[in-house]
Q: 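One structure is given below, represented as structure tokens, and several questions about it will come after.
All heavy atoms count here, side chains included; hydrogens, waters and symmetry mates do not.
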Amino acid sequence: MAAASGQSGPAPDASSLSGLYSAQGRPAPAQSAQPVSYASVSQLNGILSQLEASSKSAQADLAKLRIERWKTDANSKKQMLANIDSIQRNLEGALPEIIAQLRGQPEDLPTTFKLYRNLDALYDVVGNVVDGTGAFGSKDDFQSLANDLSGFESTRKQLAERLENLSSAKEAEIVRLRTDLRTAQAAIPAAPAKKIVVDDNEPPKKPVVKKKPAAKPATPSPTTAPAGQTPPPQTPAKPQ
């Protein structure tokens, strides 16, 4: 049944899904600034509805398997049971959470890629279970799980195509925004530079000298004779 799973290397096991792609504990993606077209939302809803139908069918078909009745060794049965348990936990937990995130942000690239990686891992492990069922299980169980695997594969291809288209659209939007920014920057007039003119012929300015206030003349004091001496007699003025 290698053709059913599409794998040529070693068979994947439960570790491919264990703890991976869980949506718990992750912050909600930022709100998109651009409105999402009706066509884009319709396309995504179709993909997610198909994925949810395949998930529901696979859970029911896996629950009907009776691995303990398979004619194989105990280690192979143990590994197959681990794979089935890992698939069931992913289909019941991580996958619905990622789908809910993507419905809230239909064109969010990181969430879309996270769903694609989760679906890719699911496809590998479910393919391994389909191979084991084809070898050791009933024909009806094998056919039911093969149909589930085909549904996962169809969804995976559609999701890959959507990823490519979204990436191209986002790249074109970035190029357009860069072009608009350059156009807006070119339309802004440049401020004229201030010019400073230096006249070499202009005589240098003389420094300003502050004038000191003029000193007031001293008031002459009357002549005083030294102690012990009689002042000389004053000569009377001659009559005219």
Q: S154: what forms a side chain to side chain contact (heavy atoms under 4.5 Å, CB included) with it, not counting sequence neighbours?
A: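 With sequence neighbours excluded, S154 shows a side chain to side chain contact (heavy atoms under 4.5 Å, CB included) to Q50, Q158, given in chain and number order.
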
Q: Taking salt bridge (Lys or Arg N to Asp or Glu O under 4.0 Å) as the test, write out the residues that go with D61, two or more places apart.
A: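 By the salt bridge (Lys or Arg N to Asp or Glu O under 4.0 Å) rule, D61 matches K64.
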
Q: Does any N or O in the side chain of S86 come within less than 3.5 Å of the main-chain N or O of A82, such that one atom is a donor and the other an acceptor?
A: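 Looks like no, no N/O pair under 3.5 Å.
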
Q: Could you give the distance from CD1 (I98) to OG1 (T111), rounded to the nearest 0.5 Å?
A: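 Answer rounded to 0.5 Å: 8.5 Å.
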
Q: Quick one: are L65 and V129 in side-chain contact, heavy atoms under 4.5 Å?
A: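 With C-beta onward as the side chain, the pair touches.
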
Q: Within the structure provided, determine whether L62 and V126 are in side-chain contact (heavy-atom separation under 4.5 Å).
A: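 The answer is no, as the side chains (C-beta and beyond) never meet within the 4.5 Å cut-off.
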
Q: Which residue pairs pass the salt bridge (Lys or Arg N to Asp or Glu O under 4.0 Å) test with at least one member in residues 43-59, sequence neighbours excluded?
A: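 Residue pairs with at least one partner in residues 43-59: E52-R103.
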
Q: Do side-chain atoms of T112 reach the backbone of D108 as a donor and acceptor pair under 3.5 angstrom?
A: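 The answer is yes, because a donor-acceptor pair under 3.5 Å joins these two groups.
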
Q: Counting C-beta onward and ignoring hydrogens, is there a side-chain heavy-atom pair between W70 and I67 closer than 4.5 Å?
A: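 Counting from C-beta outward, W70 and I67 do come under 4.5 Å.
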
Q: Quick one: side chain to side chain contact (heavy atoms under 4.5 Å, CB included) partners of S76, sequence neighbours excluded?
A: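 With sequence neighbours excluded, S76 shows a side chain to side chain contact (heavy atoms under 4.5 Å, CB included) to T72, D73, given in chain and number order.
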
Q: Counting only heavy atoms from other residues, nucleotides and ligands, does the tally under 6.0 Å from CD of E164 exceed 12?
A: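 No - once you tally the heavy atoms of other residues, nucleotides and ligands closer than 6.0 Å, there are 12 at most.
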
Q: Does E161 have any salt bridge (Lys or Arg N to Asp or Glu O under 4.0 Å) partners at least two apart in sequence or in another chain, and if so, which?
A: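 Salt bridge (Lys or Arg N to Asp or Glu O under 4.0 Å) check on E161 returns nothing, list empty.
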
Q: Looking at CG of D120 and CZ of F113, how far apart are the two atoms once the value is rounded to the nearest 0.5 Å?
A: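 So the gap between those two atoms works out to 9.0 Å.
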
Q: Taking Q88's backbone N and O only, do any of them form a donor-acceptor pair with Q59's side chain (distance below 3.5 Å, no angle check)?
A: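 Pair absent, no side-chain N/O of Q59 close to backbone of Q88.
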
Q: Output yes when a side-chain donor or acceptor of T179 lies under 3.5 Å from a complementary backbone atom of V175, and no otherwise.
A: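 Yes; at least one donor-acceptor contact below 3.5 Å.
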
Q: side-chain hydrogen bond (donor to acceptor under 3.5 Å, both in side chains): which pairs involve residues 132-144, sequence neighbours left out?
A: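 Every pair satisfying side-chain hydrogen bond (donor to acceptor under 3.5 Å, both in side chains) with a residue in residues 132-144: S138-D141, Q143-N147.
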
Q: In Å and rounded to the nearest 0.5 Å, what is the CG to OG1 distance from L115 to T155?
A: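 Reported value, rounded in 0.5 Å steps: 9.0 Å.
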
Q: Can you tell if the side chain of Q43 reaches within under 4.5 Å of the side chain of P106, non-hydrogen atoms only?
A: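 A side-chain contact under 4.5 Å is absent here.
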
Q: Can you check whether R69 reaches K77 side chain to side chain, under 4.5 Å on heavy atoms?
A: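 R69 vs K77: side chains apart.
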
